Amino acid sequence: MVKLPMKEREQTVAPGTIITIDGPSASGKSSVAQRVAAAIGLPYVSSGLLYRGATYQVQRYRVNPEDEAAILATLEAHPIQLLPRPEGNRLLAEGQDITEQLHTREVDAMVSAVSKHKRVRQYVYQRLRELSPPFVVEGRDMGSTVFPDATRKFYLTARPEVRALRRVPERNAEYETVLQEILRRDQADRAQLAPAPDAVLVDTSEMGIDDVVRTILERIPY
Ligand SMILES: Nc1ncnc2c1ncn2[C@@H]1O[C@H](COP(=O)(O)OP(=O)(O)O)[C@@H](O)[C@H]1O
Ligand SMILES: Nc1ccn([C@@H]2O[C@H](COP(=O)(O)OP(=O)(O)O)[C@@H](O)[C@H]2O)c(=O)n1
């Protein structure tokens with residue numbers, strides 16, 4: 001098991017605590033997970049960065065995103081590593097921090113094709129399950145598939161138009177283009193986007209980040 005760096009504050013949750021925060025693109029998962037984790041003194045883990053890192057390697061080594069075996073061979077030869085840091089997760093590829101290259105339209109355009117392969121998902125699940133609780137983890141299927149026995153599960157949603165408006169400043173692209181790309185990725189990700197039946201659903205369309213964080217903290221035993 002991989003011990004995660006813990007904030008110096010004394011532990012306030014049970015040692016085995018796992019909080020999952022899932023949802024579609026720009027629903028607020030990363031921002032909210034980072035704040036919730038900081039509030040209860042836990043590390044937070046971004047599963048999406050592992051899929052983005054895998055996609056970056058596929059593009060870097062010009063691998064066919066439809067070729068599952070070639071993708072796995074590339075990840076074996078050119079490994080990626082997630083560093084969950086309280087100030088923000090970092091993703092290393094062959095020892096180099098490539099995090100800044102991962103939130104781009106190029107990676108957005110291909111990440112669903114790479115992520116849909118069963119063995120790619122198993123590769124990511126393996127990395128995540130090596131992490132030693134307690135932690136907050138965000139993604140799409142953390143509560144439904146990867147950590148079904150999580151202590152608390154949350155599923156953030158927001159209207160696509162709201163999510164597109166939030167994403168525009170991060171992608172330096174026109175609103176309509178960003179909206180279409182979000183709708184395309186929602187559709188491409190639909191297999192892993194179903195909330196766990198025991199997840200608390202939070203529609204963040206009309207909520208500020210602090211309200212979402214408060215809504216989640218109120219439902220966590222700490
Ligand atoms: N409830 C909210 N209200 C307003 N802006 C938000 C809200 N949640 C997230 N944001 C902003 O929207 C953008 C995308 O949020 P992010 O946490 O990256 O979403 P995700 O991880 O689900 O893709 C960020 O700039 C973030 O600050
Ligand atoms: N748990 C997860 C997390 C991400 N992903 C894939 O990785 C892509 C990027 O996830 P992300 O969380 O970094 O993306 P945003 O939601 O921040 O836009 C998603 O569009 C999915 O294709 C997944 O399949 N399962």
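All values reported here derive from a predicted model rather than from experimental measurement. Just follow the structure's listing: the first ligand is 1, and inside any ligand the first atom is 1.
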Asker: Check contact between Arg167 and ligand 2, using heavy atoms of the residue and a distance below 4.0 angstrom.
Answerer: yes

Asker: Do Val114 and Val111 pass the side-chain contact (heavy atoms from CB on, under 4.5 Å) test, and can you show the C-alpha distance, the side-chain angles, and the key distance before you say yes or no?
Answerer: CA-CA 5 Å; Val114 171; Val111 66; 5.6 Å; no

Asker: In terms of atom number and element, which parts of ligand 2 are under 4.0 angstrom from non-hydrogen atoms of Asp141?
Answerer: 1 (N), 2 (C), 25 (N)

Asker: Provide, to 0.1 Å, the distance between atom 15 (O) of ligand 1 and the closest protein heavy atom, together with that atom's residue and name.
Answerer: Ser31 OG, 3.6 Å

Asker: Going by heavy atoms, is Ser112 under 4.0 Å from ligand 2?
Answerer: yes

Asker: Would you indicate whether Gln96, at its atom CD, is surrounded by more than 12 heavy atoms from other residues, nucleotides or ligands within a distance under 6.0 Å?
Answerer: no

Asker: Only heavy atoms of Arg121, strictly under 4.0 Å: list the atoms of ligand 2 that pass.
Answerer: 23 (C), 24 (O), 25 (N)

Asker: Which ligand 1 atoms are under 4.0 Å away from a heavy-atom of Pro24?
Answerer: 22 (O)

Asker: By number and element, which atoms of ligand 1 are closer than 4.0 Å to a non-hydrogen atom of Ala26?
Answerer: 19 (O), 20 (P), 22 (O), 23 (O)

Asker: Give the numbers and elements of all ligand 2 atoms closer than 4.0 Å to a heavy atom of Ser115.
Answerer: 6 (C), 7 (O), 22 (O), 24 (O)

Asker: Tell me the protein heavy atom at minimum distance from atom 4 (C) of ligand 1, and give that distance in Å.
Answerer: Arg166 NE, 3.8 Å

Asker: Which ILVMFWY residues can you reach from Ile182 by hopping between side chains whose heavy atoms are under 4.5 Å apart?
Answerer: Leu165, Val168, Tyr175, Val178, Leu179, Leu183

Asker: Does any N or O of ligand 1 fall below 3.5 Å from an N or O anywhere on Glu170, backbone included?
Answerer: yes

Asker: Does Gly208 have a non-hydrogen atom less than 4.0 Å from ligand 1?
Answerer: yes

Asker: Below 3.5 Å, N or O to N or O, backbone or side chain included: is there any such pair between Val212 and ligand 1?
Answerer: no

Asker: Heavy atoms only, cut-off 4.0 Å: how does Arg185 contact ligand 2, side chain, backbone, both, or neither?
Answerer: side chain

Asker: Go through ligand 2 atom by atom and flag the ones less than 4.0 Å from a non-hydrogen atom of Gly48.
Answerer: 3 (C), 4 (C), 10 (O), 11 (P), 12 (O), 13 (O)

Asker: Around atom 18 (O) of ligand 1, find the nearest protein heavy atom and jot down its residue, atom name and distance.
Answerer: Arg167 NH2, 3.5 Å

Asker: Assess whether atom CD of Glu174 is packed by more than 12 heavy atoms of other residues, nucleotides or ligands within 6.0 Å.
Answerer: no

Asker: Would one find an N or O of Gly28, backbone or side chain, under 3.5 Å from an N or O of ligand 1?
Answerer: yes

Asker: May I ask you to identify the nearest protein heavy atom to atom 21 (O) of ligand 1, giving residue, atom name and distance to one decimal place in Å?
Answerer: Ser30 OG, 2.7 Å

Asker: Once rounded to the nearest 0.5 Å, what's the spacing between atom CG of Leu128 and atom CG of Leu82?
Answerer: 7.5 Å

Asker: Can you sort out which atoms of ligand 1 are near Met207, meaning under 4.0 Å from one of its heavy atoms?
Answerer: 1 (N), 2 (C), 3 (N)

Asker: Identify the protein heavy atom lying closest to atom 7 (C) of ligand 1, giving its residue, its atom name and the separation to 0.1 Å.
Answerer: Ile209 CG1, 3.3 Å

Asker: Quick one: look up the protein heavy atom nearest atom 4 (C) of ligand 2 and list residue, atom name and how far away it is.
Answerer: Tyr51 CD1, 3.5 Å

Asker: Show me which atoms of ligand 1 lie under 4.0 Å from any heavy atom of Lys29.
Answerer: 17 (O), 19 (O), 20 (P), 21 (O), 22 (O), 23 (O)

Asker: Run the numbers for me: atoms of ligand 2, each under 4.0 Å from some heavy atom of Met142, listed by number.
Answerer: 1 (N)

